[in-house]
Trainee: 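The structure follows.
Order of the sequence lines fixes the chain letters, A, B, ..., with proteins taken first and strands second; residue numbering starts at 1 for each chain.
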Protein chains: 2
Amino acid sequence: MSDIKFTDRRTGSNPLFLRDEEIREGVELLFYAYRDHVSDPDNILRKQGFGRAHHRVIHFVGRNPNINVAELLKILRITKQSLGRVLKQLVDEDIINQRVSTEDRRQRLLTLTDKGEELERILSEPQRQRFARAYREAGPEAVAGFRKVLEGLINEDERRAILDKITRS
Amino acid sequence: MSDIKFTDRRTGSNPLFLRDEEIREGVELLFYAYRDHVSDPDNILRKQGFGRAHHRVIHFVGRNPNINVAELLKILRITKQSLGRVLKQLVDEDIINQRVSTEDRRQRLLTLTDKGEELERILSEPQRQRFARAYREAGPEAVAGFRKVLEGLINEDERRAILDKITRS
DNA sequence: TAATATACGTCAACATGTCTGACATAAAAT
DNA sequence: ATTTTATGTCAGACATGTTGACGTATATTA
């Protein structure tokens, strides 16, 4: 501990930046950012009788049109029984459409209905605004760093596949 | 910056980097990173009969020794009845210690017991490792950007207070 | 000092989202 | 023809959250 205490931990310019304190602050920042980030759609959905589970389904079906149930389960890491209830509600409410795959007629492919697309837009709007603000305030280089670290936080064995999926568009 | 369409969106060097796609990818990355990040302690705790709620309490009491109940509720954004159940278990299991504040004898100040400190260490270890790996791979500048963006994602009206608390040490 | 407000605990009832386990069906793969 | 896969569903349980109501000790204020 010679002159380390004089380096600014927050700039990350300290070669010992991997120290506990730096990391703990990252963990906490992530908690608060995520808490606020998900609170937006949570509040909207509660008024409609849906919850966070519904939002995740809407989000990932929106992002992955024609996804099948098994793949959706893998992403969400829940059981099919859990998904079943939520999915049934969304289908009943005409948010999500199920249709039989032509290639494999066992599979049910999921898409958002028009109503679902609309709801998705409403739900993601405040999140996009929040990100837009954060990105704007932080600047392009910070955004690049943000993405880089997030990628590194993802499980190594799935990272490649996830990144391919996300940036496939 | 005339030929914007040739800039690489992912480097953030594009002045139009706020576009939907860029933001959408950020939202997704955040989801996956957070999902994996919280899965570590989740798995450990399940074996001990605790859940994610217990982890959050352990974490924030650990980070805020002598926090009182009202403040903890504000952080967690749950009701005192919800907290009550979890807290009672943690006190019964000698993970958390409650004592009456000398300044205001209505308040119960919460701290981790030695056993609680030990458990906290076990729980946060894989998270710290995950962060250490991600930070190492991404480099100091990326880490600075990561933090900057996360800060921007936090609700504006609470940001200052949260940052003060996190970096107060 | 008396009245009120605050911090906390607790009981009850209920909603949601998750789980495990078991079983059924249709379709694909062997 | 048999087995495996993708999905759905029923039943029962648990974890975590909610509202609402009430009690108690202590602090604050009129």
Trainee: A/Gln89 CD to D/dG8 P: how many Å, rounded?
Mentor: 15 Å
Trainee: Could one point to a donor on the side chain of A/Arg108 or the base of D/dT7 with an acceptor on the other under 3.5 Å away?
Mentor: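 Per atom types, no contact qualifies.
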Trainee: Between A/Arg35 (CZ) and D/dT16 (P), how many Å, whole number?
Mentor: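 Rounded to the whole Å, the gap is 19 Å.
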Trainee: At what angle, to 10 degrees, do the two end axes of the helix from C/dT1-D/dA30 to C/dT30-D/dA1 meet, given five pairs define each axis?
Mentor: 30°
Trainee: Within the pair B/Ser82 and D/dT18, is there a side-chain N or O less than 4.0 Å away from OP1 or OP2?
Mentor: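 Checking D/dT18 against B/Ser82, a side-chain N or O does come within under 4.0 Å of OP1 or OP2.
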Trainee: Kindly say whether, by distance alone, the side chain of A/Lys80 makes a donor-acceptor pair under 3.5 Å with the base of D/dG8?
Mentor: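 Such a pair is found, so the answer is yes.
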Trainee: Taking only residues two or more places apart in sequence or in another chain, which ones pass salt bridge (charged side-chain N to carboxylate O under 4.0 Å, His left out) with B/Glu71?
Mentor: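 Partners of B/Glu71 under the salt bridge (charged side-chain N to carboxylate O under 4.0 Å, His left out) test: none.
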Trainee: Hey, is the side chain of B/Arg106 poking within less than 4.0 Å of OP1 or OP2 on D/dT26, counting only N and O atoms?
Mentor: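 No, because none of the side-chain N or O atoms of B/Arg106 sits under 4.0 Å from OP1 or OP2 of D/dT26.
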Trainee: Once hydrogens and angles are ignored, does a donor-acceptor distance under 3.5 Å link the base of D/dG8 to the side chain of A/Gln81?
Mentor: no
Trainee: Reckon B/Thr79 has a side-chain N or O less than 4.0 Å from the OP1 or OP2 of D/dG17?
Mentor: no
Trainee: Between C/dT18 and A/Arg56, is there an OP1 or OP2 to side-chain N/O distance shorter than 4.0 Å?
Mentor: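 Result: yes.
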Trainee: A/Tyr135 vs A/Phe131 aromatic rings, parallel, tilted or perpendicular, using cut-offs 30° and 60°?
Mentor: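 Answer is perpendicular, since the angle exceeds 60°.
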Trainee: Does the C/dT16 base have a donor-acceptor partner in the side chain of A/Arg46 within less than 3.5 Å?
Mentor: no
Trainee: Side-chain polar contacts of residues 50-58 of chain B - donor-acceptor pairs under 3.5 angstrom, sequence neighbours left out - could you list them?
Mentor:
unit_1  : atom_1 : unit_2  : atom_2 : d
B/Arg52 : NE     : B/Asp42 : OD1    : 3.3
B/Arg52 : NE     : B/Asp42 : OD2    : 3.1
B/Arg52 : NH2    : B/Asp42 : OD2    : 2.6
B/His54 : ND1    : B/Gly51 : N      : 2.9
B/His54 : NE2    : B/Gln89 : OE1    : 2.9

Trainee: Side chain of A/Asp104 only, heavy atoms from C-beta on: which candidate in D/dT9, C/dC8, D/dA6 is closest?
Mentor: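 Selected nucleotide: D/dA6.
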Trainee: Is A/Arg52 side chain donor-acceptor paired with the C/dG17 base, going by distance under 3.5 Å alone?
Mentor: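 Counting by modelled atom types and ignoring angles, no donor-acceptor contact under 3.5 Å is found here.
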Trainee: Just by distance, no angles: are the side chains of A/Asn66 and A/Arg99 close enough, under 3.5 Å, to form a donor-acceptor pair?
Mentor: yes
Trainee: Kindly say if B/His54 contacts the phosphate of D/dT16, meaning a side-chain N or O under 4.0 Å from OP1 or OP2.
Mentor: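 Answer is yes, contact under 4.0 Å.
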